[in-house]
Amino acid sequence: MARRLRASVEELDAARLQDRFEGLDATRINQCPVRCPVKISGEIKQVRISPRSGFPALEVVVSDGSGEATAVFTGRRSLGGIHTGRGVVLEGVAHEERGRRVILNPAYTLLPE
């Protein structure tokens with residue numbers, strides 16, 4: 001109990017996320033290998049549209065409490081059901097891009113709210 005009282009908001013949020021996505025048979029984001037097929041799960045922290053090679057791309061930042069990954073859906077401005085706070089499972093091949101973990105056009109499964 002005393003430890004929870006001294007924990008920062010970020011530490012409490014990370015613990016909450018790790019508990020929420022425990023048991024989904026997914027790799028933790030901080031242990032996610034690059035250039036290999038992966039399955040990760042997490043909560044959507046940010047959704048934004050940014051151009052990639054002159055075309056729109058929907059970028060979805062996902063966190064599981066251990067780290068963050070960005071799912072990039074090329075040629076999309078929106079996806080139904082994708083919004084901040086929603087749980088999602090992503091499957092694809094991760095790579096490093098400018099210091100962040102990125103999965104291009106992953107298969108996704110929305111988790112119940």
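Computed from a prediction, not measured in an experiment: that's the story for all the values here. Here, residue 1 is the first one in the sequence, and each next residue gets the next number.
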Decide side chain to side chain contact (heavy atoms under 4.5 Å, CB included) for Lys39 and Val89; before the verdict, give the C-alpha distance in whole Å, the side-chain angles of both, and the deciding distance to 0.1 Å. CA-CA 7 Å; Lys39 178 180 177 183; Val89 177; 3.7 Å; yes
Report the C-alpha separation of Arg28 and Glu22 in whole Å, then their side-chain angles, then the decisive distance to 0.1 Å, and conclude whether the salt bridge (charged side-chain N to carboxylate O under 4.0 Å, His left out) test is met. CA-CA 9 Å; Arg28 288 190 175 209; Glu22 191 70 30; 3.6 Å; yes
One pair to check against side chain to side chain contact (heavy atoms under 4.5 Å, CB included): Ile103 and Thr70. What are the steps and the verdict? CA-CA 6 Å; Ile103 303 175; Thr70 303; over 6 Å; no
Test salt bridge (charged side-chain N to carboxylate O under 4.0 Å, His left out) applied to Glu113 and Arg86, step by step: CA-CA 7 Å; Glu113 292 190 78; Arg86 184 78 188 255; 3.5 Å; yes
Passes side chain to side chain contact (heavy atoms under 4.5 Å, CB included), Ile82 versus Ile44? Steps please. CA-CA 8 Å; Ile82 298 289; Ile44 297 172; 3.9 Å; yes
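Pro37 is not listed as a side-chain neighbour of Glu91, based on a closest heavy-atom distance of 4.5 Å or more. Residues Val38 and Leu90 have side chains not in contact (no heavy-atom distance under 4.5 Å, counting atoms from C-beta outward). Under the 4.5 Å side-chain criterion, counting only non-hydrogen atoms from C-beta, Arg52 is in contact with Val72. Annotation: side chain of Val93 is not in contact with side chain of Leu104 (no heavy-atom distance under 4.5 Å). Here the side chains of Asn105 and Thr74 are in contact, with some heavy-atom distance below 4.5 Å.
Hydrophobic clustering (ILVMFWY, side-chain heavy atoms < 4.5 Å, transitive): Leu79 and Val102 are in distinct clusters. Note: the hydrophobic cluster containing Leu110 also contains Val47 (ILVMFWY, side chain heavy atoms under 4.5 Å, direct or indirect links).
Note: Ser63 OG to Gln18 CD = 9.0 Å, rounded to the nearest 0.5 Å.
In this structure, the side chain of Asp64 engages the main chain of Ile29 through a donor-acceptor pair within 3.5 Å. Glu11 places a side-chain N or O within 3.5 Å of a backbone atom of Ser8 that can act as its donor or acceptor partner. A donor-acceptor pair under 3.5 Å is absent between the side-chain atoms of Arg101 and the main chain of Ala94, judged by distance alone. Panel note: side chain Glu68, backbone Val62; no donor-acceptor pair is recorded below 3.5 Å.
Taking all atoms of both residues into account, the shortest heavy-atom contact from Ala69 to Ile40 is CB-CD1, 3.8 Å.
In Asp19, the CG atom is crowded: over 12 heavy atoms of neighbouring residues, nucleotides or ligands sit closer than 6.0 Å.
Look at Lys45 and Asp13 and you find a salt bridge, because one of the NZ, NE, NH1 or NH2 atoms lies within 4.0 Å of a carboxylate O, short of that distance. Under 4.0 Å is where a charged nitrogen must lie from a carboxylate oxygen, and between Arg16 and Glu43 at least one such pair does. Checked for salt-bridge contact, Arg48 and Glu59 meet the test: a charged N lies under 4.0 Å from a carboxylate O.
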